[in-house]
Asks: 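Dropping a structure here in structure tokens format, bear with me for questions.
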Amino acid sequence: MEKNENLSGDKPRPWHSYHTVYTNAKAGMEGVDKEKVQRIVYETSKGSKYFENEEKKEALLRQKIENMRAQRAKLSAADLSHYQTVADRRILELEATRDLSRIWLHADMDAFYAAVETLSNPSLKGKPMAVGGMSMISTANYEARRFGVRAAMPGFIARKLCPELIFVPTDFKKYTHYSELTRKVFEKYDPNFMAASLDEAYLDITEVCKERSMSGGEIAEELRKCVNEETGLTCSAGVAPNRLLAKFVLTNDRMAVMTFIFSLPIRKIGGIGKVTEHILRDAFGISTCEEMLQKGGLLCALFSHSTADFFLSVGLGIGRTDTPQVSSRKSISSERTFSATDDETLLYQKLADIAEMLCTDMKKGGLCGRTLTLKLKTASFEVRSRAVTSEKYFSSSEDILKYASKLLKAELPISLRLMGLRLSHFNEDKIGSPSDPTQKTLNNFIVSADLSRKNLVDSKSLGSDINDLKLMNNMEGSFSIESHELQRYGIRDPLDSNNLQDLNVHHCTSTDSVEAEKIREPSSNKIADKVITKDMAGEVSQWKESGLSLPGQLEGGSPDRVNQVIMDNETVFSSEQKDGLVWVDDYKCSLCGIEMPPYFDEERQEHSDFHLAERLQNDESSIYSRTSTPRQRSVKKDRISSQSKRKRHKPSPKKGRHLSIDMFFAKSNQNF
DNA sequence: GGGAACCGATTAG
DNA sequence: TTCCACTAATCGGTTCCC
């Protein structure tokens with residue numbers, strides 16, 4: 001059946017062009033009929049929205065690669081010579097940092113979740129089994145892997161590959177228990193070990209090796225036995241001079257490292273994923289780590305400092321050897337997938353649920369944040385994010401939902417299959433402690449100063465003459481004036497309904513100072529109803545039609561909350577009175593005499609904010625006048641909504657003509 | 001020009 | 001029958017304000 005279809009197609013083997021990660025080698029997948037797996041995955045996916053989106057992404061990647069090839073072709077002989085010199089110098093500098101004095105061990109539990117499930121239900125032994133569900137698999141045991149089934153594969157595809165596959169739902173309580181048992185073993189070898197996940201850890205075993213006069217390999221063997229005795233589970237362990245290579249077994253000898261790394265495919269390196277692999281291979285002909293060094297000049301010419309640095313380090317087999325300080329969490333998020341819908345009532349209800357989930361997690365960690373990011377995945381699998389930063393730190397579900405609703409509202413109408421909320425920019429203070437924006441600003445100042453210093457140190461060793469590389473990013477493509485550029489010149493599209501949204505956000509934020517104070521009132525501490533009723537949804541559309549901001553009732557429905565919200569509304573709609581401003585004859589400012597027609601809504605509001613700010617500045621008792629004026633805030637928010645507007649006109653600015661050299665390498669400087 | 005905020009993209013488990 | 005998750009981190013680009 002499948003063969004016939006393939007034969008009748010234009011291309012004899014169309015699945016070959018469908019790049020998935022499922023055919024990559026993974027433990028237990030040796031001998032898998034890759035072509036068969038690839039074909040089944042293709043046939044199962046073909047025609048779906050997901051598939052179409054993947055095709056779009058691949059087309060963009062091909063375009064990006066073409067673009068890089070074109071840039072590469074533009075380099076003159078002089079350029080190439082220059083960047084080769086840059087690369088050579090950088091290689092020498094990196095080589096000077098090589099540290100062969102440490103021994104790092106990487107422990108990785110074998111098919112962890114599946115193994116734990118088999119331990120608690122021995123009847124699963126020997127049968128193909130996967131932990132997860134029809135939508136996604138977390139782990140597959142080795143019996144299932146022989147069929148091509150693997151982690152991060154949708155369950156329904158896995159079932160096509162292996163019809164007798166047994167599905168076991170995830171049970172994190174169980175995995176956490178076993179994880180703790182393994183960590184007790186790890187602690188014996190390195191009290192400061194780095195846990196990479198529930199089933200993975202990096203250990204600096206240098207001291208243990210010295211104390212016991214044992215080699216890294218011997219310690220690794222002992223640790224594996226110990227883990228097995230304590231948990232009944234098996235694990236793999238690699239040993240190397242640094243964390244970049246700790247998944248392999250290498251001695252602390254430069255030649256051993258270089259010999260090994262040279263023939264190593266780049267995809268084996270942590271931080272190099274599917275996209276980077278394709279770019280390096282198709283644009284530069286780089287497949288092995290050795291080629292990273294051979295083509296170092298090109299990499300320095302066409303990539304950023306840090307990226308080129310990472311590539312050269314990979315070519316040299318140099319990775320991190322220090323034990324980083326325990327870093328605190330930087331963000332917390334919650335997201336949920338559901339059947340795609342454009343029903344606004346339903347979307348607001350789901351948003352309220354997610355806000356509640358996030359709030360619960362925030363409370364567990366005692367966290368407060370001030371930047372809320374709304375993540376959206378459309379019915380066609382396009383992913384977007386929209387963020388807003390508040391002057392004050394917050395963690396209540398009411399506050400989360402308030403900001404989230406504003407962000408979502410700007411995207412409507414839309415058909416979504418996923419929504420998520422992330423809170424970041426944490427306050428170090430715990431919930432319940434008095435909120436003092438001035439103090440927090442100071443904290444932020446100290447933190448950012450530290451970060452700046454760190455970045456400075458990190459980049460100090462880089463050659464400054466690579467700075468001009470950034471020019472390369474702007475070389476491609478022609479320019480035309482688009483919506484965002486119009487925005488830049490202060491020209492607004494009168495037909496853009498989002499101008500109203502700008503106004504909405506503006507109205508709300510211009511009163512943030514007043515509202516923020518109110519939110520701290522005891523009444524706001526009460527838990528509000530999270531579910532938006534149909535009636536309330538009706539109000540949503542009413543407010544939408546009116547082009548005014550969402551009233552707070554829609555963001556929390558308890559009577560206590562309603563009182564507060566009414567007060568908020570008063571502040572929203574009467575801020576002009578509060579600063580004493582009246583538009584004489586609906587035209588002239590009563591305070592300074594400036595003339596502004598009634599339809600200059602936004603400009604009028606900003607003008608009103610100006611007077612309000614002026615007044616607040618005179619009021620020394622106002623803490624907000626010491627940190628950020630309403631004028632400043634309103635401008636910020638205006639920018640936020642402007643950006644949203646731009647995206648709506650041009651959903652993927654990076655996907656169009658402005659194909660610059662994007663960043664590809666997260667984590668590259670962290671773990672290695 | 002530097003910094004902050006926002007956004008999209010990549011990676012990993 | 002089911003039809004591609006969730007959490008976290010990071011980086012480069014862009015825009016805007018000071």
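Every value quoted in this text rests on a predicted model; they were computed, and no experiment measured them. We name chains A, B, ... by the order of the sequence lines, and we start the count at 1 in each one.
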Asks: Nearest-Å distance, CG (Asp199(A)) to C1' (dA12(B))?
Replies: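 These atoms are roughly 11 Å apart.
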
Asks: Does Glu200(A) or Leu61(A) map to a spot on DNA chain B nearer the 5' end, using the closest nucleotide for each?
Replies: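 Its nearest nucleotide lies further toward 5', so the answer is Leu61(A).
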
Asks: Is any side-chain N or O of Arg329(A) closer than 4.0 Å to OP1 or OP2 of dA9(C)?
Replies: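 Negative; the distance criterion is not met.
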
Asks: Report yes or no: is the cationic atom of Arg159(A) (NZ for Lys, CZ for Arg) closer than 6.0 Å to the six-membered ring centre of Phe156(A), at no more than 45° off its axis?
Replies: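 Not satisfied by the 6.0 Å and 45° rule.
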
Asks: Among dC4(C), dT7(C), dG12(C), which nucleotide has an atom closest to any side-chain atom of Phe156(A)?
Replies: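 The closest nucleotide is dC4(C).
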
Asks: Look at the side chain of Thr389(A) and decide which nucleotide, out of dA8(C), dC4(C), dC6(B), has an atom nearest to it.
Replies: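 Selected nucleotide (nearest to the side chain): dC6(B).
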
Asks: Side chains of residues 162-176 of chain A: which donor-acceptor pairs under 3.5 Å do they make with residues two or more places apart or in other chains?
Replies:
residue, atom, partner, partner atom, Å
Asp171(A), OD1, Lys173(A), N, 3.3
Asp171(A), OD1, Lys174(A), N, 3.4
Lys174(A), NZ, Glu117(A), OE1, 2.8
Lys174(A), NZ, Ser120(A), OG, 3.3
Tyr175(A), OH, Glu117(A), OE2, 2.7
Tyr175(A), OH, Asp171(A), N, 3.1
Thr176(A), OG1, Phe172(A), O, 2.6

Asks: Please work out whether the ring planes of Phe186(A) and Phe193(A) are parallel, tilted or perpendicular, with thresholds of 30° and 60°.
Replies: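 It falls in the perpendicular class, over 60°.
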
Asks: Identify whether any heavy atom of Thr373(A) sits under 4.0 Å from a base atom; if not, whether one sits that close to sugar-phosphate; answer base, sugar-phosphate or nothing.
Replies: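 Answer is nothing: Thr373(A) stays at 4.0 Å or more from every strand.
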
Asks: Between Ser328(A) and Lys377(A), just flag the one whose closest nucleotide in DNA chain C comes earlier from the 5' side.
Replies: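 Its nucleotide being nearer the 5' end, the pick is Lys377(A).
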
Asks: What does Ile332(A) touch in the nucleic acid at a heavy-atom separation under 4.0 angstrom: a base, only the sugar-phosphate, or nothing?
Replies: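 Answer is sugar-phosphate: Ile332(A) comes under 4.0 Å of backbone atoms only.
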
Asks: One thing to verify: whether Glu180(A) and Arg183(A) come together as a salt bridge, which I'm taking to mean a side-chain N less than 4.0 angstrom from a carboxylate O.
Replies: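 Salt bridge absent between Arg183(A) and Glu180(A).
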
Asks: Which nucleotide, dT2(C), dA8(C), dC11(C), lies nearest any side-chain atom of Met134(A)?
Replies: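 Of the options given, the side chain of Met134(A) lies nearest dT2(C).
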
Asks: One thing to verify: whether Glu52(A) and Lys49(A) come together as a salt bridge, which I'm taking to mean a side-chain N less than 4.0 angstrom from a carboxylate O.
Replies: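 Looking at Glu52(A) together with Lys49(A), the answer is no, because their closest N to O distance does not fall below 4.0 Å.
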
Asks: Answer yes or no: is there a side-chain heavy-atom contact under 4.5 Å between Ser405(A) and Leu351(A)?
Replies: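 Yes, side chains in contact.
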
Asks: If a pair means Watson-Crick or G-U wobble with both distances below 3.5 Å, what does DNA chain C look like in dot-bracket form, with | marking bases paired to a different strand?
Replies: .....|||||||||||||

Asks: When we call it a touch if two heavy atoms are under 4.0 Å apart, what does Thr337(A) touch: a base, just sugar-phosphate, or nothing?
Replies: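 The residue Thr337(A) makes sugar-phosphate contact but no base contact.
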
Asks: Give a yes/no on whether any side-chain N or O of Ser306(A) is located under 4.0 angstrom from OP1 or OP2 of dC11(C).
Replies: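 For Ser306(A), the contact criterion (side-chain N or O under 4.0 Å from OP1 or OP2 of dC11(C)) is not met.
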
Asks: OP1 or OP2 of dC3(C) sitting under 4.0 Å from any side-chain N/O of Ser48(A)?
Replies: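 Negative; the distance criterion is not met.
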
Asks: Could you tell me whether Lys350(A) sits above the aromatic face of Phe338(A), with NZ or CZ closer than 6.0 angstrom to the six-membered ring centre and within 45 degrees of the axis?
Replies: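 The answer is yes; both the distance and angle limits are met.
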
Asks: Might you point out which heavy atoms bring Arg150(A) and Ile137(A) nearest each other, and give the distance in Å?
Replies: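 So the minimum-distance heavy-atom pair works out to O-CG2, 3.8 Å.
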
Asks: Hey, does Ile137(A) reach any base, or is it just sugar-phosphate, or nothing, if we go heavy atoms under 4.0 Å?
Replies: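 No contact at all - Ile137(A) keeps every heavy atom at 4.0 Å or more from the nucleic acid.
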
Asks: I want to check one thing: is the phosphate of dC6(C), taken as OP1 and OP2, less than 4.0 Å away from some side-chain N or O of Arg422(A)?
Replies: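 No, Arg422(A) has no side-chain N/O under 4.0 Å of OP1/OP2 on dC6(C).
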
Asks: Taking for each residue the nucleotide of DNA chain B bearing the nearest heavy atom, is the 5' side occupied by Thr371(A) or by Gly273(A)?
Replies: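 Closer to the 5' end of DNA chain B: Thr371(A).
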
Asks: Can you tell me how far P in dC4(C) sits from the matching atom in dG13(B), rounded to whole Å?
Replies: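 Their P atoms lie roughly 24 Å apart.
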
Asks: Which part of the nucleic acid does Lys247(A) contact within heavy-atom distance under 4.0 Å: base, sugar-phosphate only, or nothing?
Replies: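 Sugar-phosphate only.
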
Asks: OP1 or OP2 of dT7(C) sitting under 4.0 Å from any side-chain N/O of Arg336(A)?
Replies: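 True: Arg336(A) side-chain N/O within range (under 4.0 Å) of dT7(C) OP1/OP2.
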
Asks: In terms of side-chain heavy atoms of Arg386(A), which of dT10(C), dT10(B), dC7(B) is nearest?
Replies: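 Nearest to the side-chain atoms of Arg386(A), counting from C-beta on, is dC7(B).
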
